Amino acid sequence: QVQFVESGGGLVHPGGSLRLSCAASGFTQDYYAIGWFRQAPGKEREGVSCISSSIAHGTTYYAKSVKGRFAISMDNAKTTVYLQMNSLKPEDTAVYYCAAGYGLSCTIVAEDLFDYWGQGTQVNVSL
């Protein structure tokens, strides 16, 4: 069972930055993807970014709404994923969830492809 420890959420002013961390454990296969999703009040959950454990098979993904502002990275152990969020906007306010799935390349980032989910961390962007 893959488990997560998410951290880094909080309150920030528009234009500010936050870095979310997702420390994952319990992987039993070498090829997997870890993604970040978010859900704002009254809206559906959306895929924000994704990174694959395999350079040969995978890639990174960014939603159009965050491209150029957010950057995803993975540590050398391939178990901790970071989401650096810059130039934050009020519309980035949401609960951010870390998720993982085996055999995923991040070519398609849809929540039903990810089998393991974290509890979420709140990000608030406001004056």
Side-chain angles (χ1 to χ4, degrees):
Q1 183 77 2
V2 178
Q3 296 182 316
F4 305 94
V5 176
E6 298 160 317
S7 61
L11 173 64
V12 65
H13 294 314
S17 299
L18 282 175
R19 188 174 83 153
L20 305 183
S21 298
C22 171
S25 61
F27 288 112
T28 58
Q29 299 175 32
D30 292 335
Y31 179 26
Y32 51 85
I34 298 178
W36 284 98
F37 291 77
R38 68 185 181 186
Q39 188 166 23
K43 295 189 177 180
E44 293 186 353
R45 190 152 53 184
E46 63 169 339
V48 174
S49 187
C50 179
I51 188 166
S52 170
S53 66
S54 170
I55 296 175
H57 296 95
T59 182
T60 55
Y61 164 88
Y62 296 97
K64 287 182 181 178
S65 57
V66 306
K67 211 165 190 177
R69 301 188 296 122
F70 290 11
I72 194 168
S73 60
M74 181 181 275
D75 71 348
N76 289 335
K78 299 182 180 180
T79 56
T80 299
V81 169
Y82 304 96
L83 185 68
Q84 178 66 43
M85 305 187 297
N86 300 324
S87 302
L88 283 161
K89 304 176 181 180
E91 51 263 42
D92 294 317
T93 294
V95 178
Y96 284 70
Y97 297 91
C98 187
Y102 290 117
L104 301 179
S105 65
C106 298
T107 303
I108 298 174
V109 179
E111 63 177 296
D112 58 357
L113 297 178
F114 290 75
D115 295 319
Y116 306 99
W117 290 81
Q119 294 299 308
T121 184
Q122 179 72 47
V123 171
N124 288 311
V125 185
S126 67
L127 293 171

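Heads up: numbering here begins at 1 and tracks the sequence. It should be emphasised that the depicted structure is a prediction, and the values quoted were computed from it without experimental measurement.
- The backbone N or O of Val48 sits nowhere less than 3.5 Å from a side-chain atom of Tyr96 that would complete a donor-acceptor pair.
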Item to complete: Let me see the working for Val12 and Asn124 under side chain to side chain contact (heavy atoms under 4.5 Å, CB included), right down to the final yes or no.
Response: CA-CA 6 Å; Val12 65; Asn124 288 311; over 6 Å; no
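- Put simply, NZ on Lys67 and OH on Tyr61 are 8.5 Å apart, with the number rounded to the nearest 0.5 Å.
- Linking ILVMFWY residues whenever their side-chain heavy atoms come closer than 4.5 Å, directly or via other members, places Tyr62 and Leu20 in the same cluster.
- Within the 4.5 Å cutoff, the side chain of Ser105 has heavy atoms near those of the Tyr31 side chain.
- Listed for the Gln3 side chain is no donor-acceptor partner under 3.5 Å among the backbone atoms of Gly26.
- Rounding to the nearest 0.5 Å gives a distance of 10.0 Å between NZ of Lys43 and OG1 of Thr93.
- Side-chain contact between Cys50 and Trp36 is absent, with no heavy-atom pair separated by less than 4.5 Å.
- For the pair Phe70/Leu88, a side-chain contact is recorded, criterion being any heavy-atom separation below 4.5 Å from C-beta on.
- Using a 4.5 Å cut-off between side-chain heavy atoms of Ile, Leu, Val, Met, Phe, Trp and Tyr, with links allowed through other members, Val125 and Phe37 fall into different hydrophobic clusters.
- Taking each heavy atom of Val2 and Ala24 in turn, the nearest pair found is CG1-CB, 4.4 Å.
- Not one N or O on the side chain of Gln39 forms a donor-acceptor pair closer than 3.5 Å with the backbone of Glu46.
- For the side chain to side chain donor-acceptor pair (under 3.5 Å) test, no residue two or more places apart in sequence or in another chain qualifies with Ser7.
- Atoms OG and CG, on Ser54 and Asp30 in that order, are 9.5 Å from each other to the nearest 0.5 Å.
- The residues Asp92 and Arg69 are annotated as salt-bridged, a charged nitrogen and a carboxylate oxygen being separated by less than 4.0 angstrom.
- The CG atom of Asp115 sits 9.5 Å away from the CD atom of Gln1 when rounded to the nearest 0.5 Å.
- Interatomic distance, CZ of Phe27 versus CD1 of Ile34, reported as 4.0 Å (0.5 Å rounding).
- With sequence neighbours left out, Glu91 forms a side chain to side chain donor-acceptor pair (under 3.5 Å) with no residue at all.
- No continuous path of hydrophobic side-chain contacts links Ile72 to Phe114 [ILVMFWY only; heavy atoms under 4.5 Å].
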Fill in: Audit row: Tyr102, Thr28, side-chain hydrogen bond (donor to acceptor under 3.5 Å, both in side chains) steps and yes/no
CA-CA 9 Å; Tyr102 290 117; Thr28 58; 3.2 Å; yes
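- Under the 4.5 Å side-chain heavy-atom criterion for grouping Ile, Leu, Val, Met, Phe, Trp and Tyr, Leu104 is not connected to Val81 through any hydrophobic cluster.
- The local environment of CD in Gln29 is crowded, with over 12 non-hydrogen atoms from other residues, nucleotides or ligands closer than 6.0 Å.
- In this structure, the side chains of Pro14 and Ser126 stay at 4.5 Å or more apart for every pair of heavy atoms.
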Worksheet item: Given Asn86 and Ser17, is the side-chain hydrogen bond (donor to acceptor under 3.5 Å, both in side chains) satisfied, shown in steps?
Response: CA-CA 4 Å; Asn86 300 324; Ser17 299; 2.9 Å; yes
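- To the nearest 0.5 angstrom, Arg38 atom CZ is 13.0 Å from Tyr97 atom OH.
- Note: the hydrophobic cluster containing Met74 also contains Phe4 (ILVMFWY, side chain heavy atoms under 4.5 Å, direct or indirect links).
- By the 4.5 Å heavy-atom criterion applied to side chains, Val95 and Thr121 are not counted as neighbours.
- Evaluation of the salt bridge (Lys or Arg N to Asp or Glu O under 4.0 Å) rule for Arg19 yields no partner, not counting sequence neighbours.
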